2 protein chains.
Amino acid sequence: MLESRAVDDVAEVLRHEIARGVLAVGERLAPERQLALRFEVNRGTVRAALGRLEAEGLLSVRQGSGYLVRDFRRTGSLELLPSLVAGRSAKERLAIASDLLAVRRQLAALVLERLREVPSAALASVRRAIEDFELAAQSRDVARVAAADLDVLAALLAVTESPVLQLCASPVANVLAELPELRDAIYAEPQTNVMAYRALLAALELPRTKRPSADQLAVILAERDRVTLARLAER
Amino acid sequence: MLESRAVDDVAEVLRHEIARGVLAVGERLAPERQLALRFEVNRGTVRAALGRLEAEGLLSVRQGSGYLVRDFRRTGSLELLPSLVAGRSAKERLAIASDLLAVRRQLAALVLERLREVPSAALASVRRAIEDFELAAQSRDVARVAAADLDVLAALLAVTESPVLQLCASPVANVLAELPELRDAIYAEPQTNVMAYRALLAALELPRTKRPSADQLAVILAERDRVTLARLAER
DNA sequence: TCCCTCGATTGGTTCGACCAATCTGATGGT
DNA sequence: ACCATCAGATTGGTCGAACCAATCGAGGGA
């Protein structure tokens with residue numbers, strides 16, 4: 001199986017402690033040599049883990065002084081949402097899922113704005129990705145469906161040619177796949193997603209002047225998320 | 001001065017090469033030992049740099065096989081936008097700035113939606129942050145103004161109590177401060193920002209039933225960004 | 001032709017040492 | 001009593017070498 005590396009284990013534990021507040025903001029971390037004893041790994045391994053957390057914005061470090069816990073709400077990114085979700089109440093997890101889908105819709109609105117201006121021919125790659133998604137949707141393998149959905153998003157984002165939209169949307173999409181509860185709710189009935197994509201594609205392949213407004217397109221995605229949240233709430 | 005660490009230098013060079021496409025997606029990186037020779041540092045230092053890039057989603061690694069360049073458009077995040085901006089044409093940089101501000105507005109819309117439902121008393125911390133921002137705005141020190149603006153955002157996000165909004169909005173705000181060109185354009189006339197914040201705060205401190213709609217509030221931010229982009233375009 | 005095996009390659013971890021920045025507390029002067 | 005200063009301890013940063021573990025690939029055998 002996927003034997004995780006020692007460095008990942010150490011980083012995971014510390015990340016979790018920061019996310020849960022066991023290590024308060026501004027607090028000093030134990031020295032590297034001490035952490036090495038605690039986790040029973042070499043100091044170099046501890047350093048690798050701490051380096052990752054620093055890159056994630058969870059720690060700051062000064063030579064001779066030590067590591068300080070930063071305020072992840074100001075310097076963190078979505079990557080650590082999974083650690084943040086662990087141990088929260090069902091109600092809180094539902095609120096998080098709702099917010100996450102809302103953010104996705106807001107970003108999708110920008111993407112759709114741009115796609116409305118693109119010649120239909122440029123959507124060939126999107127059509128292919130959606131057709132692959134339809135195939136995957138029949139497999140009932142949630143992981144495979146989720147992967148195919150990421151491919152659809154990548155195709156859509158590629159057409160926008162906007163690095164900003166790509167770099168903003170990708171983390172949102174990727175974190176969805178790392179929240180099993182939410183991911184299962186999204187793909188519990190993949191046909192819902194297939195229908196939404198078909199509707200979007202049909203609208204965007206119309207002649208440019210006849211395409212629905214961005215608001216009208218957004219309705220399709222809003223309905224999809226509404227279904228997902230209802231499914232999530234009734235558990 | 002700020003003597004950067006060797007590990008940061010190595011990571012920066014490799015990050016830049018990936019962002020610029022010198023290292024193509026799917027390509028294998030040179031082995032660690034070889035990179036150590038190239039950069040004239042220890043292999044452990046190279047490993048630390050590669051570990052950061054892996055955490056940033058730029059590389060994948062398999063023991064015995066090596067490092068592969070991932071598609072940062074799918075697995076990266078906003079952190080690497082600065083590397084992506086370097087070397088682009090003025091026109092492209094303007095499009096990036098425009099997109100970035102558009103994303104910020106979309107996220108701000110969600111934040112304002114929630115703030116409209118919050119009792120005025122909860123906005124005391126926001127008022128304090130805005131007053132500090134007004135003081136900083138008089139200093140004409142762009143870095144200080146930008147820092148105070150981040151404090152305002154943090155206060156706004158804290159009121160929402162939404163970890164998702166916090167983790168989504170922070171990277172956007174932080175990357176703005178790392179793009180000098182855009183940052184200078186935003187704060188060239190700080191009074192513009194002060195006026196916008198005052199208007200927002202006044203609107204949100206009204207009795208809940210008398211507050212303007214989220215759309216009306218969004219207009220204030222849109223106007224602010226319009227000014228910024230005009231300033232950026234005329235250079 | 002296919003498959004297996006074994007050596008070479010490459011990342012993962014450990015150990016030990018030393019350098020550099022910082023912190024702390026004792027010292028000594030005012 | 002207060003404070004500046006300095007030396008030693010603490011702590012992160014880098015280095016070098018060694019060995020383990022997963023993978024790859026060329027050569028040989030069925």
Side-chain angles (χ1 to χ4, degrees), chain A residues 1-15 17-18 22-72 75-76, chain B residues 1-15 17-18 22-72 75-76:
Chain A
M1 277 304 296
L2 270 171
E3 294 281 341
S4 59
R5 299 174 296 182
V7 51
D8 290 325
D9 296 341
V10 174
E12 175 63 19
V13 170
L14 292 175
R15 189 183 296 114
E17 289 185 356
I18 294 172
V22 179
L23 297 168
V25 173
E27 192 173 335
R28 264 201 29 251
L29 227 61
E32 294 177 346
R33 293 164 174 86
Q34 195 171 321
L35 291 174
L37 291 178
R38 170 183 163 194
F39 292 108
E40 296 179 314
V41 295
N42 187 270
R43 185 182 154 216
T45 302
V46 168
R47 281 185 57 78
L50 294 175
R52 296 171 83 95
L53 298 183
E54 192 203 350
E56 293 174 16
L58 272 50
L59 297 174
S60 66
V61 57
R62 265 194 338 168
Q63 181 175 175
S65 179
Y67 291 83
L68 293 185
V69 178
R70 303 181 73 180
D71 185 349
F72 61 81
T75 57
Chain B
M1 277 309 295
L2 271 172
E3 294 282 340
S4 61
R5 299 174 294 180
V7 51
D8 290 325
D9 296 341
V10 174
E12 175 63 20
V13 170
L14 291 175
R15 189 184 296 114
E17 289 185 356
I18 293 172
V22 179
L23 297 168
V25 173
E27 191 173 338
R28 257 190 54 243
L29 226 62
E32 294 177 346
R33 292 164 174 86
Q34 195 171 321
L35 291 174
L37 292 177
R38 169 183 164 194
F39 291 109
E40 296 180 315
V41 295
N42 186 272
R43 183 179 158 219
T45 303
V46 169
R47 281 185 58 77
L50 294 175
R52 296 171 82 96
L53 298 183
E54 192 204 349
E56 293 174 17
L58 272 53
L59 297 175
S60 66
V61 58
R62 264 193 339 167
Q63 182 175 174
S65 178
Y67 291 83
L68 292 184
V69 178
R70 303 181 73 181
D71 185 349
F72 61 81
T75 57

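In what follows, chains are A, B, ... by sequence order, proteins preceding strands, each numbered from 1. These figures come from a predicted structure and were not determined experimentally.
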For [X] and [N], give me the distance from atom [atom1] to atom [atom2], rounded to whole Å.
X	N	atom1	atom2	value
Leu59(B)	dG12(C)	CG	P	11 Å
Leu35(A)	dT13(C)	CG	P	16 Å
Arg5(B)	dT11(D)	CZ	P	18 Å
Leu68(B)	dG11(C)	CG	P	10 Å
Asn42(A)	dA17(D)	CG	P	17 Å
Gln63(A)	dC23(C)	CD	P	11 Å
Glu54(A)	dT11(D)	CD	C1'	15 Å
Leu50(B)	dT10(C)	CG	P	14 Å

How do Asp8(A) and Arg33(A) order along DNA chain C: which one's closest nucleotide is nearer the 5' end?
Asp8(A)
Name the residue closer to the 5' end of DNA chain C, choosing between Ala6(A) and Ser65(B) according to the nucleotide with the nearest heavy atom.
Ser65(B)
Closer than 4.0 Å, any side-chain N/O of [X] to the OP1 or OP2 of [N]?
X	N	answer
Arg62(B)	dG11(C)	no
Arg43(A)	dC15(C)	no
Tyr67(A)	dG13(D)	yes

Picking from dG13(D), dT11(D), dG12(C), which would you name as closest to the side chain of Arg47(A)?
dG13(D)
Among Arg52(A), Arg70(A), Arg15(A), which residue meets the side-chain contact (heavy atoms from CB on, under 4.5 Å) test with Leu58(A)?
Arg15(A)
NA contact type, Gly44(B), heavy-atom cut-off 4.0 Å: base, sugar-phosphate, or nothing?
nothing
Quick check for you: to the nearest 0.5 Å, what is the distance between [X] atom [atom1] and [Y] atom [atom2]?
X	Y	atom1	atom2	result
Leu59(B)	Thr75(B)	CG	OG1	9.0 Å
Tyr67(A)	Leu14(A)	OH	CG	10.5 Å
Asp8(A)	Thr45(A)	CG	OG1	11.0 Å

DNA chain D: Arg28(B) or Gly64(B), which has the more 5' nearest nucleotide?
Gly64(B)
Any chance you could lay out the side chain to side chain contact (heavy atoms under 4.5 Å, CB included) test for Val61(B) and Arg5(A), step after step, and finish with the verdict?
CA-CA 11 Å; Val61(B) 58; Arg5(A) 299 174 296 182; 3.7 Å; yes
